[in-house]
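A quick write-up on the structure given underneath.
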Protein chains: 2
Amino acid sequence: MQQPKKTGFQDVRDEVMRRIETRVWDQGALLPTEAELATEFGCARATVNRALRELADRGVIDRKRKSGTRVTALPVKQAKLEIATARRLVEERNATYRYALVSRRMQAAPGWLGSQMGLTPGTEVLHLEAMHYGDGQPFHFEDRWINIAAVPGCAEADFALKPPGEWLLAEVPFSNADVSFTATAADAALADYLACAPGAALFQMERSTWFQDAPVTFARMTFHPGYRMRSRY
Amino acid sequence: MQQPKKTGFQDVRDEVMRRIETRVWDQGALLPTEAELATEFGCARATVNRALRELADRGVIDRKRKSGTRVTALPVKQAKLEIATARRLVEERNATYRYALVSRRMQAAPGWLGSQMGLTPGTEVLHLEAMHYGDGQPFHFEDRWINIAAVPGCAEADFALKPPGEWLLAEVPFSNADVSFTATAADAALADYLACAPGAALFQMERSTWFQDAPVTFARMTFHPGYRMRSRY
DNA sequence: AAGTGGTCTAGACCACCTG
DNA sequence: AGGTGGTCTAGACCACTTT
């Protein structure tokens, strides 16, 4: 009756992590086998396995059959970025969100879009421009292209009230995407939309989205001056 | 003898994912219980549990005791960003990496740094400036501050050859960090270092690092014009 | 009170890798 | 050839949440 709790996989995981952080097991060092750790912690091997599997997912340890488990020598740090809708980003800042459609037209896909999305140039696409505001201040400008063949419903969809990002999220909820971030200088149009000086440095996110290998949409979001995207790891 | 393979947790995971993608189970819909799925797939409940746990980690489904498992209504997409060293980023581009220390001095922490890192202003810190090159072209400028108390060895470390990021990665391998990304206009000094026009739009990453709740370092990396950070989800 | 997911166990077999 | 992690099983008990 001395131990109030049983050893769970989280206990094993945290203790192993502690030993790595405090260099009981240094970088590159070989850990005991699962069976040995199970004996030490007084639990089943499956419990140790789950604990170590989580640490391996985090990149803290490397596991190989026969070789055993080692502390990762030079861990590659990974940050998780939440790709949220403009509405969410604005409301997280306790501001009032507003959306406005700027333009909407069907057109043939230009060449650069074809290579971006892996689309045959000349394919009919829906091109939207829109603005997103927080408390009346420009938040970001959206330049959106949608592959009509992949999402036929978009031809009839009304984007006057609902942002295309939110519409697509409901229509094609589980898609894959390439995303890239860069800095760009405001041209005349962006300066106008975002109420900044031409040439101002703006943070920009571009995203190409696929669903089951079919290109769905390409979006370029250009944020107001001073915008910061944050994350943690 | 009809089935060549056994049903593994990956089979279950993929089949459930397929049913969600094809809207067999629509957004918000309730899935069968683990026990029911185990019967259907002809495997143990633990196998189903692991499959569903992975999908829950991805944010595809929401699980609650008693309520059961539901398809996430509005999934929050997450991108994984690899925070790599400059050397890695450059060599990934098949370019030759070069590093140069620009300045190095001990000083009292300025106020803005104190609030950034959660450090008492006036604490002695090591301030480094350095450049990283790819094939001789400016890659990024590094403005680095290290809390000497947290990493005593840095006072004697030679940063003439080894970049502080790599040195710290070996010294404090398992740290936590806040990271933020923004766009900034080149000032005179940055324009000089990065060989661009003053006012050019530059991509910038800032990172504050802790180890076991103690502030370790703050780094501001300013990249050459046109730099793109990429990811995928 | 009852239903559902969360976790653990003890044992087993397999797949992969290294010597 | 043998050691190590990867996975599955069948059963059990627990924890949380809703009714």
Side-chain angles (χ1 to χ4, degrees), chain A residues 1-17 19-20 25-73 75, chain B residues 1-20 24-73 75:
Chain A
M1 297 306 189
Q2 305 294 0
Q3 307 98 313
K5 295 193 303 180
K6 209 159 78 172
T7 307
F9 79 93
Q10 302 188 27
D11 302 314
V12 178
R13 189 231 297 136
D14 294 345
E15 173 60 17
V16 169
M17 189 65 200
R19 291 186 191 175
I20 291 173
W25 294 319
D26 210 338
Q27 295 175 64
L30 190 63
L31 269 60
T33 66
E34 292 188 347
E36 287 166 349
L37 288 171
T39 304
E40 180 197 336
F41 288 109
C43 63
R45 184 167 79 92
T47 304
V48 173
N49 180 275
R50 170 143 184 215
L52 296 187
R53 186 153 31 83
E54 286 204 3
L55 293 179
D57 286 343
R58 291 191 205 169
V60 173
I61 55 179
D62 285 326
R63 321 195 69 193
K64 267 191 289 194
R65 286 159 153 131
K66 169 69 180 177
S67 313
T69 301
R70 290 180 181 280
V71 181
T72 303
Chain B
M1 296 308 187
Q2 307 293 3
Q3 306 97 315
K5 296 194 303 181
K6 210 160 74 172
T7 308
F9 78 93
Q10 302 188 26
D11 302 313
V12 178
R13 189 231 297 135
D14 294 346
E15 172 59 17
V16 170
M17 189 65 200
R18 195 192 63 76
R19 291 186 191 174
I20 290 173
V24 174
W25 295 320
D26 210 339
Q27 295 175 64
L30 190 63
L31 268 61
T33 66
E34 292 188 346
E36 288 166 348
L37 288 172
T39 304
E40 180 195 338
F41 288 110
C43 64
R45 184 168 78 93
T47 305
V48 174
N49 180 274
R50 171 144 183 212
L52 296 187
R53 187 152 31 83
E54 286 204 2
L55 293 179
D57 286 343
R58 290 191 206 168
V60 173
I61 55 180
D62 286 326
R63 321 196 69 194
K64 265 192 290 193
R65 286 160 153 127
K66 168 71 179 177
S67 312
T69 301
R70 290 179 182 281
V71 181
T72 303

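Letters A, B, ... mirror the listed sequences (proteins, then strands); counts begin at 1.
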How long is the span from the CG atom in A:Leu30 to the CH2 atom in A:Trp25, to the nearest 0.5 Å? 10.5 Å
Please round to the nearest 0.5 Å and tell me the distance separating atom CZ of A:Arg13 and atom CE of A:Met17. 10.0 Å
With side chains defined as the heavy atoms from C-beta onward, is the minimum distance between [X] and [Y] less than 4.5 Å?
X: A:Cys43; Y: A:Val48; result: yes
X: B:Val71; Y: B:Asp26; result: no
X: A:Leu37; Y: A:Leu52; result: yes

Just by distance, do the side chain of [X] and the backbone of [Y] share a donor-acceptor pair under 3.5 Å?
X: B:Thr47; Y: B:Phe9; answer: no
X: B:Thr7; Y: B:Gly42; answer: no
X: A:Arg63; Y: A:Thr69; answer: no

Span of DNA chain C in contact with chain A (heavy atoms, under 4.0 Å): C:dT7 to C:dT18
Upstream residue (5' side of DNA chain C) when B:Gly68 and A:Lys64 are each assigned their closest nucleotide: B:Gly68
For A:Phe9 and D:dC14, what is the distance between atoms CZ and C1' respectively, to the nearest whole Å? 14 Å
In whole angstrom, what separates B:Lys66's NZ from D:dT17's C1'? 8 Å
Tell me, which of residues 35-63 of chain B have any heavy atom that sits under 4.0 Å from an atom in DNA chain C? B:Arg45, B:Asn49, B:Arg63
